[in-house]
Amino acid sequence: MDATDRAIVLATQEGLPLVPQPYHAVAEQVGISPVEVMTRLHAMLESGVIRRIGAVPNHYALGYKANGMTVWDVDDARIDELGERIGQLDFVSHCYQRPRHLPDWPYNFFAMVHGHDRAEVERKAQKIAELLGDASSGHEILYSTRLLKKTGLRISV
Amino acid sequence: MRRPLCEGGGVMALDALDRAIINQMQGGFPLCANPYAEVARQLGTSESELLARIQKLLDGKVLTRFGPMYHAERLGGGLSLAAMKIPAADFERVAGIVNAMPEVAHNYARDHALNMWFVLATETPQGQQEAIERIERETGYPVFDMPKIREYFVELKLRIEA
């Protein structure tokens with residue numbers, strides 16, 4: 001990422017301007033042409049620096065009031081194959097392998113499951129349990145009880 | 001300082017167009033001169049109506065953000081999930097210290113012995129370790145660092161009934 005890309009990140013990390021020609025507005029701020037803004041955003045999408053350009057909904061406002069972080073103790077030898085399969089489930093929004101912290105924390109696989117209530121999250125977790133089968137030797141569902149802080153990623157000037 | 005999880009959200013009534021906008025705009029926003037006009041055309045509405053609706057959804061906190069989602073690690077930064085086990089009586093003090101750190105992007109209370117979970121987003125990978133050490137020093141509790149080893153899938157797939 002060069003200085004111009006960085007300037008584009010700085011100009012858009014709070015969001016894209018809500019004006020008819022948002023890329024022109026960013027271009028004016030950065031001091032390059034609108035075409036260059038679009039070309040660079042396209043390149044950042046291609047390289048994965050930008051995951052997507054879109055809106056982030058507030059789960060809670062959309063009725064998804066139960067957000068369960070399901071955590072699983074999965075056989076290390078099978079986690080990659082199973083992780084890819086669980087990531088395909090349409091109710092799983094994020095899915096990662098993370099380190100265990102024994103003895104307090106035996107879980108190495110995390111899948112975020114969203115539901116309208118806890119019963120729905122538990123039914124969905126049961127589907128994950130079926131896919132994991134005997135590769136999982138235990139799981140828990142951690143529900144968020146309070147949002148303490150939520151800001152996006154920020155880079156400084 | 002107790003704040004509900006739904007702070008600022010969950011009260012706005014959404015009509016069919018709002019719902020279509022939310023479903024349509026979770027990704028794939030076009031890279032062209034007049035992208036809102038393009039999306040408005042797909043949704044069967046006008047550009048000015050779409051812009052007004054997005055503003056209303058952001059103001060009502062139905063949407064928390066609209067724009068490019070940057071991938072912290074590919075920007076050269078660090079991103080990690082971390083957890084702490086905090087006694088109830090000390091929870092507010094520790095939450096205050098953790099939330100005050102600019103490196104902490106999200107922080108949630110969860111019903112588990114590990115009861116505080118936060119995301120550390122830093123501009124450099126070494127910033128992660130510094131942030132963790134500072135939290136441990138200032139709070140007096142250990143941080144369980146859980147950086148991702150592999151990412152299998154990350155995408156919002158929230159659909160709401162149109």
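We name chains A, B, ... by the order of the sequence lines, and we start the count at 1 in each one.
For Phe118(B) and His106(B), the distance between ring centers is not under 6.0 angstrom.
In this structure, CG in Leu58(B) is found 10.0 Å from CZ in Arg65(B), a value given to the nearest 0.5 Å.
Within the 4.5 angstrom heavy-atom criterion, no atom of Thr39(A) approaches chain B. Looking at Gln55(B), the atoms closer than 4.5 Å to chain A (heavy atoms on both sides) sit in the backbone and in the side chain alike. At a 4.5 Å heavy-atom cutoff, the contact between Val19(A) and chain B is made by backbone atoms alone. Contact of His24(A) with chain B is made through the side chain alone, with heavy-atom distances under 4.5 Å.
Taking a cutoff of 4.0 Å between a charged side-chain nitrogen and a carboxylate oxygen, Arg150(B) and Glu84(A) qualify as a salt bridge. Electrostatic pairing of Asp15(B) and Arg53(B) counts as a salt bridge here, judged by a charged N lying under 4.0 Å from a carboxylate O. Between Glu130(B) and Arg134(B) no salt bridge is recorded (no basic side-chain N to carboxylate O distance below 4.0 Å).
Taking Leu57(B), Asn115(B), Ile54(B) one by one and counting their heavy-atom pairs under 4.5 Å with chain A, the maximum is reached by Ile54(B). The greatest number of non-hydrogen atom pairs below 4.5 Å with chain B, out of Thr12(A), Leu41(A), Asp80(A), is found for Asp80(A). Options Pro35(B), Ala95(B), Ala37(B) differ in how many heavy-atom pairs under 4.5 Å they form with chain A, and the most are formed by Pro35(B). Of the listed residues Glu140(A), Met44(A), His42(A), Met69(A), the one with more heavy-atom pairs under 4.5 angstrom with chain B than any other is Met69(A). Interface check for chain B: of the options Gly48(A), Pro17(A), Gly63(A), the most heavy-atom pairs under 4.5 Å are formed by Gly48(A). Of the listed residues Ala83(B), Ser80(B), Pro30(B), Ala113(B), the one with more heavy-atom pairs under 4.5 angstrom with chain A than any other is Pro30(B). Note: Cys32(B) leads Gly28(B), Ala40(B), Cys32(B) in heavy-atom pairs under 4.5 Å with chain A.
Counting heavy atoms of neighbouring residues, nucleotides and ligands inside a 6.0 Å radius, atom NZ of Lys127(A) does not exceed 12 of them.
Ring orientation note: the planes of Tyr152(B) and Phe109(A) are tilted relative to one another, at an angle of 30° to 60°.
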